[in-house]
Amino acid sequence: MDFTLSEEQIMIRDAARDFARTELLPGVIERDNHQKFPTEQVKKMGELGFLGMMVDPKYGGGGMDTVSYVLVMEELSKIDASCSVIVSVNNSLVCYGLEKYGSEEQKEKYLTKLATGEKLGAFCLSEPEAGSDATSQRTTAIDKGDHYILNGTKNWITNGGTADYYLVIAQTDKEKKHKGINAFIVEKGWEGFEIGPKEDKLGIRGSDTHSLIFNDVKIPKGNRIGEDGFGFKFAMKTLSGGRIGIAAQALGIAAGAYDLAREYSKVRKAFGTEICNHQAIAFKLADMHTSITAARHLVMKAAWDKDQGNDYDMSGAMAKLYASQVAMDVSVEAVQVHGGNGYVKEYHVERLMRDAKITQIYEGTSEIQKIVISRGLLRD
Ligand code: CAA
């Protein structure tokens with residue numbers, strides 16, 4: 001396997017790096033403090049093509065590969081994981097799901113606007129009692145002939161308040177269990193669709209996370225994605241790709257924390273010398289860099305698998321499982337390298353440490369990744 005990046009991949013990675021440093025860094029602490037959604041930054045990311053990177057240009061996307069996408073995710077996440085989760089959900093879950101499984105009409109009407117960043121998407125699977133256990137959907141969509149009637153509540157929805165289009169997973173026939181689940185496109189503003197309060201989160205505080213309430217929302221039949229009963233597979237297949245994006249986010253958080261720790265260790269002095277000259281610190285940097293490099297290989301392998309048309313359920317889950325642990329470990333160590341300053345907001349590492357935790361929870365907890373991996377191992 002050749003991981004040499006093409007000129008185009010290097011260009012897009014450098015553009016993301018430059019954007020993150022110049023546009024995301026300046027306000028990142030304030031957005032985190034005040035849970036302020038990065039409206040301006042999201043608009044600019046749309047203009048740069050970061051919101052529909054892998055979508056076919058005929059639907060307004062960038063036509064890029066998954067490797068380019070994870071490079072961008074890593075660079076954005078080094079600075080601002082709140083922005084990168086917005087990018088990840090829009091690209092991996094919403095645009096991918098629609099492009100791969102949506103009808104031509106759905107693509108024309110919704111994907112073209114989502115891929116350019118004109119509109120933002122959200123993916124709505126989790127419920128108060130259906131997080132890991134995704135087949136236990138309580139939200140119902142009852143078939144009424146030419147439309148469905150949607151009722152229920154969704155929880156912890158990224159872009160919940162800011163999205164325009166929502167991919168909602170709901171049960172249409174309880175008897176059929178996971179084969180009685182469908183996915184629908186729901187528009188903000190439809191009668192009966194209410195956005196719940198914003199969650200006050202530990203990390204990724206610049207992104208907005210809401211519960212959503214559906215009270216007799218009328219969905220045209222044409223807004224169902226795929227054949228009747230395809231909703232659970234739709235969610236699983238889409239999440240498999242989503243996990244590659246979140247793995248890249250975790251990698252970026254780890255790499256960002258490591259960069260800060262390394263730089264700090266070269267200027268901070270203790271016992272008469274820069275602290276990087278003490279093995280207690282130098283060995284930490286060695287461990288951090290080693291685990292980040294291993295995580296990067298797993299992330300690139302998963303992205304490469306997807307680009308090659310290989311199965312990527314397992315490689316995506318392994319990348320997410322490992323990279324999210326590395327994000328936790330490295331960000332905690334980066335705070336330690338900073339000592340007291342690490343506990344202070346202006347040094348950025350405490351935010352990265354808080355942001356890291358979500359990568360072990362959303363798009364499937366670490367335990368879910370282990371289910372996916374072990375089932376893959378034992379399938380044959
Ligand atoms: N691709 C295609 N089909 C799949 C699949 C995949 N990756 N995974 C499962 N399926 C299919 C199975 O083949 C099976 O179909 P058949 O009966 O036709 O064979 C069906 O789905 C049911 O599969 P399981 O019996 O394996 O289902 P399960 O109940 O045991 O659950 C699970 C499997 C992996 C635990 C799954 O429930 C899961 O992934 N849970 C976690 C959900 C999750 O990631 N939620 C995140 C929310 S979204 C989010 O966080 C976004 C955000 O805001 C950032």
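Both counts, for ligands and for their atoms, begin at 1 and track the order of listing.
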Enumerated ligand 1 atoms positioned under 4.0 Å from heavy atoms of Lys179: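 Ligand 1 atoms under the 4.0 Å threshold to Lys179: 17 (O), 18 (O).
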Closest approach of any protein heavy atom to [atom], naming residue and atom:
{"atom": "atom 29 (O) of ligand 1", "answer": "Thr135 CG2, 3.5 Å"}
{"atom": "atom 50 (O) of ligand 1", "answer": "Glu363 N, 2.9 Å"}
{"atom": "atom 41 (C) of ligand 1", "answer": "Ser132 O, 3.4 Å"}
{"atom": "atom 11 (C) of ligand 1", "answer": "Lys233 CE, 3.9 Å"}
{"atom": "atom 23 (O) of ligand 1", "answer": "Phe232 CE2, 4.0 Å"}
{"atom": "atom 1 (N) of ligand 1", "answer": "Lys237 CG, 3.5 Å"}
{"atom": "atom 10 (N) of ligand 1", "answer": "Met236 CG, 4.1 Å"}
{"atom": "atom 34 (C) of ligand 1", "answer": "Val372 CG2, 4.0 Å"}

Would you mind checking if [Y] and [X] are paired as a salt bridge, meaning a charged N to carboxylate O distance below 4.0 Å?
{"X": "Glu346", "Y": "Arg351", "answer": "no"}
{"X": "Glu127", "Y": "Lys154", "answer": "yes"}
{"X": "Glu75", "Y": "Lys78", "answer": "yes"}
{"X": "Glu47", "Y": "Lys43", "answer": "yes"}
{"X": "Asp200", "Y": "Arg205", "answer": "yes"}
{"X": "Arg243", "Y": "Glu363", "answer": "no"}
{"X": "Glu350", "Y": "Arg354", "answer": "yes"}
{"X": "Glu274", "Y": "Arg268", "answer": "no"}
{"X": "Arg296", "Y": "Glu74", "answer": "yes"}

Nitrogen or oxygen atoms of [X] and ligand 1 under 3.5 Å apart:
{"X": "Ser126", "result": "no"}
{"X": "Arg375", "result": "yes"}
{"X": "Gly364", "result": "yes"}
{"X": "Asp313", "result": "yes"}

Please confirm whether Ala122 comes under 4.0 Å of ligand 1, counting heavy atoms of the residue only.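 Contact absent.
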contact_flag Ile157 ligand 1 heavy-atom lt 4.0 Å: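 Flag not set, Ile157 not near ligand 1.
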Hey, do the aromatic rings of Tyr166 and Phe193 have their centres closer than 6.0 Å?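 Under 6.0 Å, so yes.
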Under 4.0 Å from atom 32 (C) of ligand 1, do we find at least one protein heavy atom?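 So far as the 4.0 Å threshold goes, atom 32 (C) of ligand 1 is out of reach of every protein heavy atom.
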Give the contacting part of [X] toward ligand 1: side chain, backbone, both or neither, where contact means a heavy-atom distance below 4.0 Å.
{"X": "Arg243", "result": "side chain"}
{"X": "Thr158", "result": "both"}
{"X": "Val89", "result": "side chain"}
{"X": "His178", "result": "side chain"}

Only one of Arg31, Gln41, His348 passes side chain to side chain donor-acceptor pair (under 3.5 Å) with Asp80; say which it is.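 Result for side chain to side chain donor-acceptor pair (under 3.5 Å) with Asp80: Arg31.
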Residue pairs fulfilling side chain to side chain donor-acceptor pair (under 3.5 Å) with at least one residue in residues 218-239, sequence neighbours excluded: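 Listed by first then second residue: Tyr110-Asn223, Asp143-Lys221, Tyr148-Arg224, Asn182-Asp228.
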